[in-house]
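For the numbers below, each heavy atom of this structure counts, side chains included, while hydrogens, waters and symmetry mates do not. Residue numbers start from 1 in every chain, and the chains themselves are labelled A, B, ... in the order their sequence lines are given, proteins ahead of strands.
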Amino acid sequence: MFNYLNELNPQQREAVLHLDGPLMIIAGAGSGKTKVLTTRIAHLMANGVDSFKILALTFTNKAAKEMKERVEKILINREARNLYIGTFHSVFARILRAEAPRVGYPTAFTIYDTDDAKSVLKTVINELHLDDKIYKPATVYNRISSAKNALVTAEEYAKDFGLQQEDARANRPAIAQVYTAYAKRCFKNGAMDFDDLLLQFYLILKNHPDALHKYQHKFSHIMIDEYQDTNPAQYEIIKLLGAMHENVCVVGDDAQSIYAFRGATIENILLFRKDYDDVKIIKLEQNYRSTKQILNVANQVIGNNKGQIPKELWTENGEGDKIKLVRTMTDNDEGKFVADAIQEQKLRNHFFNRDFAILYRTNAQSRAMEESLRRMNIPYTIFGGISFYQRKEVKDYVAYLRIIVNPSDEEALKRIINFPVRGIGKTSLDRLILVANEQSITMWEVLTRAASFGFKAGTLEAIENFVLMIKSFASMLKNSNAYDVAFHVGKQTGLVRELFNDKSTEGVQRYENVQELLNSIKEWVDDKQNRAQIDEDGVMLDEGMRDEGEGMREENAALFSANLEVEANGPEDPNTKKPLREDVLLSAYLQQITLLTDADNKDEHADTVKMMTIHAAKGLEFSCVFAVGLEEMLFPSAMSINTREELEEERRLFYVVITRAKHKLWISYANTRYKFGQVVQNEPSRFINELPEDHLDRSYAGGGFRNQSSGPSASERMKGWGGSGGATPQNRTYFNEPKKQPEKPTYLPIQPPVSKPIAHQPSADFSPSDTTDLKAGQQVEHQKFGFGEVLKMEGAAHNPIATIQFKLNGEKKIMLNYAKLRIVE
DNA sequence: CGACTGAGTCGGTGG
DNA sequence: GACTCAGTCG
């Protein structure tokens with residue numbers, strides 16, 4: 001082991017050497033925070049701390065992964081893999097697999113993402129007969145989320161006079177009811193939302209002394225990254241967990257606190273000092289990232305905020321260029337400028353694509369950038385926006401997997417009950433929900449006992465087949481790993497085949513996405529199995545769950561899979577088959593993917609220009625940064641200019657974007673910009689005025705960059721050929737655009753067949769025939785389309801579809817249940 | 001039942 | 001401009 005301590009400056013070393021007792025590290029941007037954290041972990045282990053007892057919590061999977069890798073690099077032995085490093089959400093989710101039954105949840109509980117949660121909210125809002133124009137799911141979701149982040153349960157919420165008043169003033173007096181109903185429904189579904197992962201864990205620690213005791217012992221040393229981003233729930237949990245050893249080390253930078261909107265509070269930094277008797281405080285102020293010019297600008301900007309923890313970042317790095325201030329006429333010109341500048345820098349200074357980042361306030365701003373980069377043939381990757389696992393086709397597939405692991409999961413059930421079509425339509429679904437609510441049972445229970453609720457014969461048969469199918473999948477859980485189950489499900493349901501048969505561009509993409517999903521499951525299973533083989537003691541300790549004890553684990557594994565079959569096949573002899581190890585089980589996989597974000601699936605090392613929001617860029621660094629859209633109403637956001645607190649958070653955001661840059665920084669704004677399809681004019685951001693003049697290069701700001709081209713602008717020229725700028729999720733990572741796209745829109749899409757039918761006067765004696773036995777080859781007459789010949793018959797028995805070649809109107813697909821056809825011969 | 005269409009809406013950041 | 005929702009039609 002090399003002497004890692006030599007790599008540190010005095011402050012960093014001091015932080016690493018402080019092994020026991022509370023420690024707070026105030027780490028300025030680019031001051032080597034991750035290095036200190038990882039070195040400290042290594043040092044703890046070198047000094048005899050059991051690697052299983054170290055807990056490190058981050059906010060992103062990426063940060064967790066990086067930390068793991070860097071610890072592994074320092075340590076030569078393989079101890080690093082025993083560390084408990086992860087995001088708050090993933091670590092707590094893992095613990096909850098073992099502890100959730102204490103609060104009445106199943107071990108294989110489902111984690112609802114934001115879409116699932118909003119969908120549940122929509123359901124309960126409707127059931128409460130509230131107007132969903134006023135009680136918008138998104139708004140209500142945020143409100144409930146804030147409550148949970150502040151550890152306010154539905155009960156407490158309803159009792160809190162202040163909250164009731166706030167809601168009344170906002171014309172949403174029934175939020176408390178919605179919260180209660182929502183919580184109840186999630187519980188019934190065996191599902192937790194993101195915030196529940198914190199709230200429920202907290203409740204368990206608070207109400208179950210033995211659980212608290214267990215985890216206090218389990219984690220002798222705790223480290224928290226990005227401490228300024230913690231919310232009260234996280235704060236309280238850390239406080240509980242750390243209360244026994246008091247070996248809590250937090251790292252944060254108040255200047256980079258940008259997550260107040262999801263409940264984070266800087267208060268936690270102040271509170272930390274009060275919670276322990278002697279908190280060691282260390283400041284890291286030497287910046288290793290940026291040039292002097294950039295750092296000076298950053299320092300000045302943040303100086304406009306009141307109440308910062310005093311610190312002054314400095315650097316030994318070179319002077320560097322001045323910051324380039326750019327003004328353009330339109331948002332499209334802004335994009336064009338950025339693309340040109342990237343091209344120029346690549347040629348002149350030999351930068352790679354990967355050296356550039358375009359950072360913006362809102363995701364919507366990516367479009368103008370994309371268009372110009374595409375036009376210049378510059379490869380780019382957009383981070384943020386819709387995650388792979390949120391895509392419809394992927395989510396549908398996953399819904400099947402969810403339902404077999406947790407049949408109470410109503411959201412999953414609703415997605416797939418009639419997909420692919422199996423004759424359980426909206427009417428039947430409504431009925432099902434009605435019965436479930438009346439009887440206070442889950443939809444799944446209604447399905448399993450459908451016969452006793454008087455569904456009509458056809459529907460009943462469809463339901464019974466469906467139930468049988470799901471049960472047969474569930475019976476696989478016990479003996480098969482996640483991949484085998486998933487593969488089987490795809491095959492049996494016809495999901496994969498259906499997508500395969502769709503040869504449209506989107507269809508092919510969807511098929512590929514589903515293949516990708518299967519690959520990811522395979523990879524996950526293989527990875528887990530490989531890791532497992534390394535352990536000699538045969539105990540599954542993968543991510544540090546060893547202390548749970550073997551008995552516990554098997555019990556869990558049995559529980560997961562038993563869930564369904566108990567009713568399906570009767571209790572099984574537990575001795576016939578050994579239960580599968582927990583970590584290759586489908587339920588574990590499902591919980592994990594919900595916590596993945598868009599960024600976790602993309603290659604950050606690819607040689608592409610990176611585009612993302614400033615929020616998403618926190619913790620990252622780039623040689624060249626374009627901070628775009630510095631306009632009033634956009635940055636600062638129109639919604640954040642009413643209070644000092646809000647405005648200061650926007651300013652911190654500005655500070656964050658400046659400090660992402662290592663060598664070169666452009667700050668740009670446009671005079672006009674499209675918003676909701678309309679042009680709006682904006683003033684330059686007030687933050688521009690806070691930039692120190694002597695560090696600015698204004699040669700692009702005097703209107704020097706105008707709409708200089710004589711012809712129509714890039715975006716205008718691109719209009720009309722397809723794609724809304726390529727912002728579709730499928731092709732967000734874009735490599736060398738094939739040159740098939742002409743400079744001018746000479747290509748027009750093929751016109752779809754004429755949609756208006758050529759008039760046909762029905763025969764005088766027209767009367768619809770019984771078409772149940774219609775066969776290919778028969779001659780028919782259609783009320784509107786006229787005479788034709790049946791080419792083929794397809795579709796399910798309850799919904800037959802005929803393809804008919806009409807003499808006047810060409811080939812059409814006709815659904816016999818609705819169309820009126822007369823059989824001629 | 002489901003694909004299509006026109007109208008209406010739009011508050012942003014994320015695990 | 002993009003997305004969702006209610007209504008229409010085959």
Side-chain angles (χ1 to χ4, degrees), chain A residues 57-64 86-93 111-114 117 122 132-133 136-139 142 145 149 193-198 226 229 231 234 258-264 331 359-365 367-368 383-387 418-419 421-429 594-600 612-618 633-640 646 649-650 652-653 656 673-679 715 719 724-725 727-728 752 755 757 782-785 795-796 798-802 804 812-821:
Chain A
L57 296 172
T58 65
F59 277 85
T60 64
N61 293 303
K62 221 181 125 201
T87 65
F88 279 91
H89 289 89
S90 71
V91 167
F92 294 174
I111 299 174
Y112 277 169
D113 66 18
T114 327
K122 207 176 158 186
D132 60 7
K133 293 270 161 10
K136 280 180 235 156
T139 313
N142 285 334
S145 174
N149 286 330
D193 64 20
F194 289 138
D195 305 310
D196 281 326
L197 296 176
L198 309 183
E226 308 277 14
D229 289 337
N231 61 37
Q234 289 156 333
I258 53 174
Y259 280 109
F261 73 90
R262 63 179 196 207
D331 48 350
L359 307 177
Y360 33 74
R361 178 69 238 267
T362 67
N363 279 309
Q365 288 165 259
R367 229 197 67 250
F383 288 79
I386 193 160
S387 145
N418 200 33
F419 179 81
V421 186
R422 55 173 66 86
I424 310 175
K426 190 167 184 319
T427 326
S428 313
L429 184 62
T594 317
L595 299 172
L596 292 180
T597 59
D598 177 59
D600 298 318
M612 66 192 89
T613 64
I614 301 169
H615 282 90
K618 190 158 76 130
M633 313 303 279
L634 183 64
F635 193 5
S637 158
M639 294 151 260
S640 304
E646 288 170 344
E649 175 144 323
E650 295 285 308
R652 289 193 292 270
L653 200 52
V656 168
R673 177 177 298 278
Y674 275 92
K675 199 182 181 189
F676 301 142
Q678 278 187 320
V679 180
S715 62
K719 261 177 205 148
S724 43
T728 49
S755 53
H782 186 272
Q783 222 172 355
K784 279 191 187 149
F785 299 143
H798 59 87
N799 185 26
I801 299 163
I804 300 175
K812 292 210 181 301
K813 292 204 171 201
I814 304 285
M815 297 174 87
L816 297 182
N817 288 357
Y818 309 102
K820 293 186 170 59
L821 278 184

Item checked: Stacking of A:Y259 on B:dT13 base (centres under 5.5 Å, planes under 30°) -> no

Note to self: Looking at B:dG15, I'd like to know if its phosphate oxygens (OP1 or OP2) sit under 4.0 Å from a side-chain N or O belonging to A:N149.
What the structure shows: no

Notebook entry, point to check: What are the two closest non-hydrogen atoms of A:A260 and A:E649, and how far apart are they?
Noted result: CB-OE1, 3.0 Å

Margin query: If you compare every side-chain N and O of A:T613 against the phosphate oxygens of B:dG14 (OP1, OP2), does one of them come in below 4.0 Å?
Written below: yes

Check: Has the side chain of A:T60 got a donor or acceptor atom sitting under 3.5 Å from an opposite partner on the base of B:dG15?
Finding: no

Next item on the list: Would you kindly give the NZ-to-C1' distance between A:K675 and C:dA2, to the nearest whole Å?
Entry: 15 Å

Next item on the list: Rounded off to whole Å, could you give me the CG-to-P distance for the A:D598 and B:dG14 pair?
Entry: 10 Å

Item checked: Closest to side chain of A:R262, choosing from B:dG2, B:dG15, B:dT13 -> B:dG15

Notebook entry, point to check: Contact class for A:E650 vs. all strands (heavy atom < 4.0 Å): base, sugar-phosphate, or nothing?
Noted result: base

Next item on the list: May I ask you to decide if the ring planes of A:F261 and A:H615 are parallel, tilted or perpendicular, using 30° and 60° as cut-offs?
Entry: perpendicular

Margin query: Rounded to whole Å, how long is the line connecting atom NZ of A:K62 with atom C1' of B:dG15?
Written below: 15 Å

Note to self: I need the A:T114 OG1 to A:D193 CG distance, nearest 0.5 Å.
What the structure shows: 9.0 Å

Next item on the list: Consider the side chain of A:R367, meaning its heavy atoms from C-beta on, and name the nucleotide among B:dG15, C:dG1, B:dG2 that approaches it most closely.
Entry: C:dG1

Margin query: Please give me the minimum heavy-atom distance between A:K618 and A:I258, naming the atom from each residue.
Written below: CD-CD1, 3.7 Å

Next item on the list: May I ask you to say what A:K618 touches in the nucleic acid, namely base, sugar-phosphate or nothing, with a heavy-atom cut-off under 4.0 Å?
Entry: nothing

Next item on the list: May I have the distance from A:L57 (atom CG) to B:dG15 (atom P), rounded to whole angstrom?
Entry: 15 Å

Item checked: Selected nucleotide, minimal atom distance to A:F194 side chain, candidates C:dC5, B:dG12, B:dG15 -> B:dG15

Check: Separation of A:L634 atom CG from B:dG11 atom C1', in whole Å?
Finding: 13 Å

Check: Which heavy atom of A:A64 sits nearest a heavy atom of A:G86, and at what distance?
Finding: CB-CA, 3.8 Å

Notebook entry, point to check: Do you know which two heavy atoms are closest between A:F635 and A:I614, and how far apart they sit?
Noted result: CE2-CD1, 3.4 Å

Note to self: Students often get this wrong, so: under 4.0 angstrom with heavy atoms, is A:D113 touching a base, only sugar-phosphate, or nothing?
What the structure shows: nothing

Next item on the list: Would you sketch DNA chain B in dot-bracket for me? Only Watson-Crick or G-U wobble pairs with both distances under 3.5 Å count, crossing pairs as [ ], other-strand pairs as |, the rest as dots.
Entry: ||||||||||.....

Check: With no angle test and no hydrogens, is the base of B:dG12 tied to the side chain of A:Q365 by a donor-acceptor pair under 3.5 Å?
Finding: no

Check: Quick one: A:R652 CZ to B:dG12 C1', roughly how many Å, whole number?
Finding: 16 Å

Note to self: If you compare every side-chain N and O of A:N363 against the phosphate oxygens of B:dG12 (OP1, OP2), does one of them come in below 4.0 Å?
What the structure shows: no

Margin query: Could you measure the distance from the CZ atom of A:R367 to the OH atom of A:Y360? Nearest 0.5 Å is fine.
Written below: 12.5 Å

Tabulate protein N/O versus nucleotide N/O from nucleotides 4-10 of chain B, keeping only pairs under 3.5 Å, one per line.
| residue | atom | partner | partner atom | Å |
| --- | --- | --- | --- | --- |
| B:dC10 | OP1 | A:K136 | NZ | 3.1 |

Item checked: Partner residues of A:R673 under the side-chain hydrogen bond (donor to acceptor under 3.5 Å, both in side chains) criterion, sequence neighbours left out -> A:E334, A:E631

Margin query: I'd like to know if the side chain of A:T597 pairs up with that of A:D600 as donor and acceptor (distance under 3.5 Å, no hydrogens or angles considered).
Written below: yes

Check: Do you know the tightest heavy-atom contact between A:S640 and A:E650?
Finding: OG-OE2, 3.4 Å

Item checked: For A:S145 against A:D195, the heavy-atom pair lying closest together -> OG-OD2, 2.9 Å

Check: Counting any heavy atom closer than 4.0 Å, what does A:T427 reach on the DNA or RNA strands: base, sugar-phosphate only, or nothing?
Finding: sugar-phosphate

Notebook entry, point to check: Considering only the C1' atoms, how many Å lie between C:dC5 and B:dG12, rounded to the nearest integer?
Noted result: 23 Å

Check: Roughly, in whole Å, what's the span from NZ in A:K426 to P in B:dG2?
Finding: 12 Å

Item checked: Closest-nucleotide ordering on DNA chain B, the 5'-leading residue of A:N61 and A:S637 -> A:S637

Check: Given atom NE2 of A:H615 and atom C1' of B:dG14, what is their separation to the nearest angstrom?
Finding: 8 Å

Check: Where the side chain of A:N142 is defined as all heavy atoms beyond and including C-beta, which of B:dG14, C:dA2, B:dG15 is the nearest nucleotide?
Finding: B:dG14

